[in-house]
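The structure under discussion appears below in the form of structure tokens.
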Amino acid sequence: MKIIRAKDYNDMSRKAANIISAQVILKPDSVLGLATGSSPIGIYEQLIKWYNKGDVDFGGCTTFNLDEYRGLTPDHDQSYHYFMHKNFFDAVNIPAERINLPDGAQLDAERECKRYDAAIKAAGGIDLQLLGMGLNGHIGFNEPNDEFDKETHCVDLTEMTIEANKRFFNSIDEVPRQAYTMGIATIMRAKCVLMVVSGKDKAEILKKSFFGPITPQVPASILQLHPNFVLIADEDALSAL
Ligand code: GLP
């Protein structure tokens, strides 16, 4: 595990964007695992700037997003499809047919999760997986559990996650109760995992995740075992250490 200390959110975002663009420059046909949430937005903004300057070219890349709400269609403005197009895909040149997210409109969970895992496998696996972290240590939507979930699966979101995500919806009742997410094994199989964490409200869970025991009650703690895990955190997020 490598921890990179950043001054603040912008510094964290630039450092992470540097690593992603280096990945794409070194391997133009990279398979990138992408994430949603407020943590990666600054990274996408930075990558778009470099793309516009001609410094990085995503034309050979394939992407797989971590998760999607079950029951939201891609055009729903709170779906992760919509988020990714608005914040990244519409501004860069990843070919549409190589952009992958779980399909929230497919209500047959078993079928959709199998399809998604097979697509990741067929692409040769993920070269670099970008992650944020939920307040309870969830990664993707792998919530605290009695065991580590393996492959892509359907999860019931915890009250804490529903509460944290209600700010994006008109009311808490509109927040979906379920999501499809890559599993812990899917994430752990990525050749490199890059996590960004920012803000004081994540300080305690960051400490628990990376300086405490490895337990499925704190899903991110499994990353301590990943052979190529890079954590970029700002000073606020590191303030409990
Ligand atoms: C959601 C996403 C996660 C993300 C988390 C934290 O639950 N499924 O992938 O890491 O939110 O979001 P934020 O970065 O806004 O704190």
Side-chain angles (χ1 to χ4, degrees), residues 6 8-10 12-13 15-17 20 32-46 63-72 76-84 86-88 100-104 113 116 126 128-145 149 152-169 172 174-184 186-188 190 193-206 208-210 218-223 229-234 236-238:
D8 51 22
Y9 180 84
N10 285 340
M12 173 194 83
S13 303
K15 284 178 160 63
I20 295 171
L32 302 175
L34 299 179
T36 54
S38 43
S39 305
I41 288 182
I43 302 175
Y44 297 139
E45 284 172 0
Q46 185 61 65
T63 67
F64 285 92
N65 261 80
L66 280 167
D67 45 14
E68 177 60 285
Y69 290 113
R70 178 169 183 256
L72 296 194
H76 189 290
D77 65 1
Q78 291 311 327
S79 74
Y80 287 166
H81 274 80
Y82 192 93
F83 174 101
M84 287 305 300
K86 186 171 113 211
N87 290 295
F88 191 48
N100 299 275
L101 287 97
D103 180 4
C113 294
Y116 204 61
I126 291 165
L128 183 148
Q129 176 66 55
L130 176 62
L131 293 180
M133 178 167 62
L135 288 169
N136 56 7
H138 74 234
I139 47 178
F141 268 132
N142 290 278
E143 297 278 32
N145 200 351
D149 290 300
T152 301
H153 59 290
C154 181
V155 285
D156 294 328
L157 303 180
T158 61
E159 283 307 318
M160 189 189 238
T161 300
I162 293 166
E163 187 63 32
N165 289 355
K166 77 170 186 208
R167 62 201 152 117
F168 302 113
F169 292 82
I172 195 160
E174 286 182 26
V175 186
R177 272 26 187 187
Q178 289 188 314
Y180 296 137
T181 181
M182 281 185 196
I184 296 290
T186 330
I187 294 169
M188 288 296 279
V193 176
L194 173 64
M195 176 182 270
V196 282
V197 186
S198 162
K200 274 218 154 45
D201 57 343
K202 301 263 175 82
E204 277 306 321
I205 193 66
L206 183 149
K208 252 182 152 176
S209 300
F210 305 118
V218 183
S221 65
I222 191 83
L223 295 166
F229 170 53
V230 180
L231 169 67
I232 307 183
D234 67 8
D236 282 346
L238 293 169

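What you see is a predicted model, and the numbers here were worked out from it, not measured in a lab. Numbering of ligands and ligand atoms starts at 1, following listing order.
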Heavy-atom nearest neighbour in the protein, as seen from atom 5 (C) of ligand 1, with distance rounded to 0.1 Å: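 For atom 5 (C) of ligand 1, the nearest protein heavy atom is His138 NE2, 3.7 Å.
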
Distance from atom 6 (C) of ligand 1 to nearest protein heavy atom, with residue and atom: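 Protein heavy atom at minimum distance: Met133 O, 3.6 Å.
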
Just which atoms of ligand 1 are under 4.0 Å from any heavy atom in [X]?
X: Tyr80; value: 1 (C), 2 (C), 8 (N)
X: Arg167; value: 15 (O)
X: Gly132; value: 10 (O)
X: Asn165; value: 7 (O)
X: Lys202; value: 13 (P), 16 (O)
X: Asp67; value: 2 (C), 8 (N), 9 (O)

Contact check: Thr161 vs ligand 1, nitrogen or oxygen atoms, below 3.5 angstrom: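 Looking only at distances, the answer is no, because the N/O contact criterion of under 3.5 Å is not met.
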
Within-cut-off N or O pair, Thr36 and ligand 1, under 3.5 Å: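 No, Thr36 has no N/O under 3.5 Å of an N/O on ligand 1.
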
Check: Tyr69 ring centroid to Phe168 ring centroid under 6.0 Å: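 No, they do not, as the ring centres are separated by 6.0 Å or more.
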
Contacts table for residues 197-205: side-chain donor-acceptor under 3.5 angstrom, sequence neighbours left out:
{"residue": "Ser198", "atom": "OG", "partner": "Asp234", "partner atom": "OD2", "Å": "2.8"}
{"residue": "Lys200", "atom": "NZ", "partner": "Asp236", "partner atom": "OD1", "Å": "3.4"}
{"residue": "Lys202", "atom": "NZ", "partner": "Met133", "partner atom": "O", "Å": "2.9"}

Side chain proximity check, Leu157 to Arg177, heavy atoms < 4.5 angstrom: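 No, every pair of side-chain atoms sits at 4.5 Å or beyond.
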
Nearest neighbour of atom 3 (C) of ligand 1 from the list Gly37, Gly140, Ala35, on a heavy-atom basis: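 Answer by nearest heavy atom: Gly140.
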
